[in-house]
Each structure stands twice: as C-alpha cells, then as structure tokens.
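In listed order, ligands and their atoms are each counted from 1.
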Amino acid sequence: MDTKNPVSTRTSTPGVLSQPQSQQQDYSYYKRIFAGYPMPFAYLDLDLLTHNIQQIATSAGDKRVRIASKSVRSVAILKRLLAADERFQGIMCFTLREAVYLASQGFKDLLLGYPVWHYIPAAAEAIAAGAQITLMLDSVDHVRQIEQVAQQYEVKIPVCLDLDMALDLPGLHFGVWRSPLRTVAQVRPVVESIIAAPHILLDGIMGYEAQIAGLGDHYPHQTAKNVVVRNLKKRSLLQVAQRRAAVIELLASYNLTPRFINGGGTGSLHTTRNEPGVTEITAGSGFYAPALFDNYQDFRYQPAAGFAIEIVRQAKVSNPPIYTCLGGGYVASGATNNDKLPRPYLPAGARLIPLEGAGEVQTPISYRGPHTLAPGDPIFLRHSKAGELCERFTHLLLVSNGEIVDTVTTYRGDGQCFL
Ligand SMILES: Cc1ncc(COP(=O)(O)O)c(C=O)c1O
C-alpha cells in the first residue's frame with residue numbers, strides 16, 4: 001500500500017471548493033511515470049495545475065489576473081496559462097530583458113513589476129518597435145530618467161506607479177522595502193511630474209501587499225507567531241484598501257483614470273478581490289504551488305511542480321535508514337530560514353537531515369515509511385518557491401493521467417538568464 005499524498009485538498013476560501021484529485025498522486029504513481037528517466041528532472045503535473053488554475057480564477061472573483069512570470073519562467077507554460085481562463089490577461093515581468101524577450105515571443109500587455117534605470121533605452125527601442133511594455137516607477141527621479149530616454153527615442157512610454165503597502169507600527173515595518181510612496185502627499189509630486197512629462201503616459205498603479213500575499217500564517221509548530229501574523233494581516237488589510245482608494249481619488253482629481261489598478265499576489269487573492277477600485281490581481285506562485293504556499297490558513301493549492309533526485313547510495317541501514325541522493329541543493333531566495341530549503345515530498349516520511357540540509361552535490365534523506373528504497377530510486381521534492389525551480393532545469397516534464405505527455409523548455413532551456 002502506498003502512503004497517501006500528504007498534501008490535503010482542503011481550502012477554506014469562502015466559495016472555493018476543492019476538487020478531488022482524479023487519481024492518487026502518490027510515490028508509486030510518479031515513480032511509475034518516470035521509470036527509466038534520467039534524474040535529476042523537474043516536472044509539472046498538469047492535472048494538479050488545472051486544479052490550481054480553476055482555484056485561482058475562482059478566488060479572483062470578478063477581477064482580472066495578471067500572471068507573475070517570475071513564478072512560472074517558461075514561455076510554453078505562460079502561454080498555456082493565458083489560454084486557460086479569460087480572466088487571465090497580461091504578464092507581470094521581473095526584468096526588462098525578460099519583457100523584451102516575451103514581447104519577441106508574441107506576448108502583449110507586459111508590466112515590468114520593478115523599476116529599471118540603465119535598461120530604459122532597451123524598453124524605448126522595444127516600444128518603438130511595437131512591444132507593449134509598461135515601466136514601473138516610484139519617484140520624480142524615475143520620471144525624469146524615463147522622460148529623457150523617451151524623448152531621445154521619440155516614443156511615449158507607459159508607466160505604472162508603485163505604491164508602498166507596508167504597515168508601519170512602532171518598532172515594526174510589516175511589509176517589504178520597495179516604493180517610498182505611502183501617502184497622497186508623497187504621491188502627488190510624482191503624479192504631477194508624470195502629467196508634465198510629454199513622453200510618459202500613466203498606464204496603471206500597483207500596490208503589492210507583500211505582508212499579506214507573500215507571508216505564511218499557518219506554519220507548523222509556530223502557533224504564537226501564526227496568531228501574531230494573522231492579527232497584523234487583518235490590521236494591514238484595512239490600511240491597504242484605504243491607501244489604494246486615496247490614490248485612486250487623487251488621480252481622479254487630475255482627471256486620470258489609469259488602464260489598470262493592480263494589487264495582491266497568490267496569497268491575497270481572497271482579500272484583494274474585495275477592493276472595489278482594484279481591476280486586476282497578480283498571481284503566479286499558486287500555479288506551481290511550491291512548499292512555502294503550504295503555510296497559509298485560508299487556502300491550499302495542489303503541489304503541481306516538483307523535482308526528482310536519484311538515490312545513489314545508502315549511508316545508514318536502519319532506524320531510520322538514510323539514503324544519499326545526487327544534487328538537490330536548490331535553495332530559494334529570501335531571508336535564509338529552513339523554509340527556503342526544498343521540501344522532500346514523496347515518498348511521505350522522507351526528511352532532510354537538519355545538519356546537512358540539501359547539498360550542492362549530495363543530499364542525505366532519512367526515511368520512515370513502507371517503501372523499500374534502493375539506489376536508482378527517486379526522491380521527489382518541491383522547491384520552496386515557484387519559478388526559481390526553473391533556474392535549475394532546462395525542461396519541465398509535463399505529466400497527465402499517469403504518463404508524460406509533453407516536455408517544454410524553461411527560460412533556462414531557452415538559453416535565457418534574467419537574473
Ligand atoms: C510586485 C509583485 N506583485 C505580485 C507578486 C505575487 O506573486 P506570486 O503570486 O507569485 O506570489 C509579487 C511577488 O513577489 C510581486 O513582487
């Protein structure tokens with residue numbers, strides 16, 4: 001008997017029903033599918049991806065969904081996602097070179113999620129050639145820099161105003177450090193400089209409430225911290241909505257109605273959708289559903305993406321046995337805690353060894369469970385983050401209904417490196 005898939009299908013998002021999996025995606029299932037396939041490899045389970053697509057579309061309510069390409073990093077999968085639901089429109093890119101590349105692949109409505117400085121001429125050139133790229137900015141200096149280049153290239157550059165959504169409390173900045181624009185008084189001069197810039201068009205505004213969307217509040221064995229984070233999130237929600245609404249009002253006072261008002265991420269679909277002013281929510285991570293996204297109270301996505309490493313020796317025979325695999329040290333970015341390590345997924349009962357973690361060349365795995373493992377067998381893991389998995393692999397094996405149905409390239413497989 002196989003150990004059951006340890007990831008539950010539960011979701012407590014109101015109105016969103018979990019779908020039963022069409023089959024048991026357990027260790028034997030994946031082992032059989034990939035038998036004989038050289039490891040390491042990364043895979044994407046299309047049946048679970050379909051579940052995640054439906055859940056994201058439903059959770060977005062009546063908002064459009066802009067796909068965060070950093071959390072996908074494969075042209076073929078981005079195309080598949082855009083075709084999957086009419087609410088999915090546009091891409092949030094993470095570098096300008098990536099946006100230019102995606103434009104060359106036929107993608108439209110490319111919002112660069114972060115400011116650029118030296119690469120602005122490349123944007124101007126691409127826009128002059130017909131690319132639909134919107135640059136991010138948050139200061140008068142950004143406006144000046146973009147205007148200067150746009151003038152030189154004789155193009156009009158669409159821009160998006162990035163608002164800070166962090167909650168500032170005495171002694172605590174609950175959120176990320178990105179845009180300095182927190183108040184209407186801070187936003188006003190930037191808006192006025194955009195209005196005064198003949199080669200710039202205000203296309204949208206964005207506020208990413210990272211402390212709600214990107215921060216887990218349901219970590220195992222961290223009850224007290226989870227409660228604090230949930231309370232802070234609740235407090236932050238109200239302020240986020242007020243801040244966005246105040247800026248929309250400010251823009252209206254200048255007769256400005258931007259094409260889009262963007263907010264949120266996978267972890268805030270169910271809250272950002274309640275803001276009337278928001279027209280679209282960004283989402284990416286929920287499609288692959290990496291390990292970090294297991295740690296939220298209000299939703300659960302299906303573990304669609306993973307990777308396999310091969311047991312090459314047995315370091316210890318029993319209590320519990322330790323199997324050592326080749327590779328596996330694909331650690332995620334961010335504050336370096338254990339939750340940035342890849343998480344052993346199948347067989348259930350496989351664990352990293354705390355003192356070694358996931359290694360550059362060797363990853364020991366201790367295992368308690370019913371399977372008899374041996375050199376040559378796979379251990380399946382999930383990356384902590386979504387798209388970073390694709391920086392380690394050239395291809396994703398696409399799996400559906402018990403077989404490999406296709407193989408697609410990642411950005412890395414296309415020879416692209418957008419770091
Ligand atoms: C600006 C911005 N919007 C949205 C997101 C949410 O992306 P995801 O749904 O992949 O968590 C992120 C993630 O870092 C981001 O930086």
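- Between Phe287 and Phe88, the distance from one ring center to the other falls under 6.0 angstrom.
- For ligand 1 and Gly264, the ligand atoms under 4.0 Å from any heavy atom of the residue are 3 (N), 4 (C).
- When each atom of ligand 1 is checked for a heavy atom of Thr282 under 4.0 Å away, the hits are 4 (C).
- Of the candidates His218, Arg343, Arg300, Asp294 forms a side chain to side chain donor-acceptor pair (under 3.5 Å) with just one, namely Arg343.
- Within the structure, ligand 1 lacks Ala213 among the residues with a heavy atom less than 4.0 angstrom away.
- Near Phe293, with a cut-off below 4.0 Å to any heavy atom, the atoms of ligand 1 are 11 (O).
- For the 3.5 Å distance criterion, the side chains of Tyr254 and Glu192 qualify, holding a donor opposite an acceptor.
- Listed by atom number, the atoms of ligand 1 under 4.0 Å from Arg178 heavy atoms are 1 (C), 15 (C), 16 (O).
- Residue-ligand proximity, Met92 to ligand 1, at heavy-atom distances under 4.0 Å covers atoms 1 (C), 2 (C), 3 (N).
- For the pair Ile404/Tyr43, no side-chain contact is recorded, criterion being any heavy-atom separation below 4.5 Å from C-beta on.
- Taking a cut-off of under 4.0 Å to the non-hydrogen atoms of Tyr114, the atoms of ligand 1 that pass are 1 (C), 2 (C), 15 (C), 16 (O).
- Remark: Arg66 is positioned above the aromatic ring of Phe260, its terminal NZ or CZ atom under 6.0 angstrom from the ring centre and at most 45 degrees off the axis.
- In terms of protein heavy atoms, atom 6 (C) of ligand 1 is closest to Gly265 CA, 3.6 Å.
- Remark: minimum distance from atom 12 (C) of ligand 1 to any protein heavy atom is reached at Tyr208 CZ, 3.4 Å.
- Between the side chains of Glu98 and Ser69, at least one donor N or O sits under 3.5 Å from an acceptor N or O.
- Ranking the protein heavy atoms by distance from atom 7 (O) of ligand 1 puts Ala68 CB, 3.9 Å first.
- Taking Ser104 as the reference, Tyr101 meet the side-chain contact (heavy atoms from CB on, under 4.5 Å) condition, with sequence neighbours excluded.
- For ligand 1, the atoms sitting less than 4.0 Å from at least one non-hydrogen atom of Thr266 are 8 (P), 9 (O), numbered in the order shown with element in parentheses.
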If you look only at distance, which donor and acceptor atoms sit under 3.5 Å apart when one is on a side chain in residues 110-126 and the other is two or more places apart or in another chain?
none

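- In this structure, Gly286 does not count as a contact residue of ligand 1, since none of its heavy atoms falls inside 4.0 Å of the ligand.
- Using the six-membered ring where Trp is involved, Tyr37 and Phe41 have ring planes that are perpendicular, over 60° apart on the 30 and 60° scheme.
- When hydrogens are left out, the protein atom nearest atom 14 (O) of ligand 1 is Lys70 CE, 3.0 Å; that is the closest non-hydrogen contact.
- In this pair, Phe94 and Tyr411 present their aromatic rings parallel. The plane angle is below 30°, not in the 30 to 60° band.
- Nearest-heavy-atom check against atom 8 (P) of ligand 1 across Gly263, Ala283, Gly214, Ser285 picks out Ser285.
- In terms of polar-atom proximity, Gly284 is counted as a contact of ligand 1, with an N or O under 3.5 Å from an N or O of the ligand.
- Near Met206, meaning under 4.0 Å from any of its heavy atoms, are these atoms of ligand 1: 1 (C).
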